[in-house]
Amino acid sequence: MKKVLGLVVSNRKLGNSEILVKEIMNNIPEECSRELIRLTDLEIKPCQACYRCLQPEKACLVQDDFNFVIKKIREADALIVGVPVYFLGPHGYYKMLTDRLIGAQNHAQDTQGKPCVLVIPYGSKGWEGYTKAACIVLPKLLRMKLVDCWQIHATLPGESLLNPENISHAKVLGRELFNGREYQAGTQECPTCGSDLFRLLNENQVECPICGSTGILKNNGSPDFTDSDYNRFSDQELDEHFKGWLLEMKDRFADKKSHLKELQKGYRNQNWWIKP
Ligand SMILES: Cc1cc2nc3c(=O)[nH]c(=O)nc-3n(C[C@H](O)[C@H](O)[C@H](O)COP(=O)(O)O)c2cc1C
């Protein structure tokens, strides 16, 4: 039996994230077990940057609920995330969770290719900010298949229910979750990862800051990425980054450690920290 995990990153009970995640989960035709996690009820501490989890199957040593959440994500056959826009980006707890994915290449052994839906309610048109781009990173690091990256305008708790089209779309996502459905980037989005943000480079060149692919800005304002052959989320690039570059940095640190400690010394006694 398939397992489906709903991850709600909002403290608002029966808010838009929760309702739409539930609507999608409720419409999955396959027999499946369903579990919900409200991330904001759990404790997710900052990454300690110890890099322990880079090693195969070394769990994070931070004493909080991250290991529970990632275990549940790994065990699930599909992940439905509901995460609202808070001040132009995703709810901060989503970023906290994303920041804990230094061990992504280990987790990806279980999550690779599994469907992931992102539901992103926002309250104010034009205030979506960089949320979509930022939300894509978590499923991409886990090498999941993005089924949808759905930004949905709904301000009040449950307001998404007022528009029947929203319910229809949620139902379709549930029905097609395991049908091979995949997110199709719009003409103004990065065709490689679906992000809607671009960095302007020289001479009409544009870069997707999320997947790193580059293209040109056509006269009609659309990005043309046909000649792009780079994608930081490809298996090859992710392997290179996590198994190559990051491990090299570990060796480089071992090499430079004593010199760096010497340089740091001068700052040790500047103890101006305050706490409440
Ligand atoms: C602290 C806070 C910041 C918000 N910032 C934004 C914003 O920058 N842009 C926006 O469109 N909506 C913003 N909203 C509105 C929410 O995204 C919107 O109400 C959404 O439906 C909440 O989802 P929920 O019901 O699942 O909690 C903000 C809401 C809160 C509480």
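One-based numbering, in listed order, for ligands and for the atoms of each.
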Counting non-hydrogen protein atoms only, what is the nearest one to atom 23 (O) of ligand 1? Give residue, atom name and distance. P84 CB, 3.3 Å

What part of S10, side chain, backbone, both or neither, has a heavy atom within less than 4.0 angstrom of ligand 1? side chain

Over 12 non-hydrogen atoms of neighbours within 6.0 angstrom of OH in Y51: no

In terms of heavy-atom contacts, does CG of D227 have more than 12 from other residues, nucleotides or ligands at under 6.0 Å? no

Considering only heavy atoms of F87, which atoms of ligand 1 have at least one such atom less than 4.0 Å away? 1 (C), 3 (C), 4 (C), 5 (N), 6 (C), 7 (C), 8 (O)

For the backbone of K218 and the side chain of S222, can you confirm whether one donor and one acceptor N or O come within less than 3.5 Å of each other? no

Sub-3.5 Å donor-acceptor pair from the side chain of K145 to the main-chain atoms of R181, do we have one? yes

Can you pull out the closest protein heavy atom to atom 30 (C) of ligand 1? Residue, atom name and distance to 0.1 Å, please. Y86 CE1, 3.5 Å

Mark yes or no for whether Q151, through its side chain, and P121, through its backbone, hold a donor-acceptor pair below 3.5 Å. no

Nearest non-hydrogen atom to atom 6 (C) of ligand 1 belongs to which of V85, V8, V21? V85

If we only count N/O pairs under 3.5 Å, is L156 in contact with ligand 1? no

How far is atom 8 (O) of ligand 1 from its nearest protein heavy atom, and which residue and atom is that? L88 N, 2.8 Å

State the atoms of ligand 1, each with its element, that fall below the 4.0 Å cut-off from a heavy-atom position in S124. 10 (C), 11 (O), 12 (N)

Would you say E18 and ligand 1 have an N/O pair spaced under 3.5 Å apart? no

Please verify the inter-ring angle class for W245 with H241; under 30° counts as parallel, over 60° as perpendicular, anything in between as tilted. parallel

What's the shortest distance from atom 26 (O) of ligand 1 to any protein heavy atom, and which residue and atom give it? S17 OG, 2.6 Å

Just which atoms of ligand 1 are under 4.0 Å from any heavy atom in W127? 7 (C), 8 (O), 9 (N), 10 (C), 11 (O)

Between K171 and E23, does at least one N-O distance fall below 4.0 Å, as a salt bridge requires? yes

Any chance CD of Q270 has more than 12 other-residue heavy atoms, nucleotides or ligands included, within less than 6.0 Å? yes

Once the angle between the rings of W150 and H169 is folded into 0 to 90°, is it parallel (under 30°), tilted (30 to 60°) or perpendicular (over 60°)? perpendicular

I'd like the name of whichever of G158, P157, G123, G15 reaches closest to atom 12 (N) of ligand 1 through any heavy atom. G123

Is any NZ, NE, NH1 or NH2 atom of the basic residue among E57 and R74 found under 4.0 Å from an Asp or Glu carboxylate oxygen of the other? yes

Atom 20 (C) of ligand 1 - nearest protein heavy atom and its distance: A154 O, 3.5 Å

Any nitrogen or oxygen of N16 lying under 3.5 Å from a nitrogen or oxygen in ligand 1? Just yes or no. yes

Tell me: protein heavy atom nearest atom 19 (O) of ligand 1, and distance? T155 O, 2.8 Å

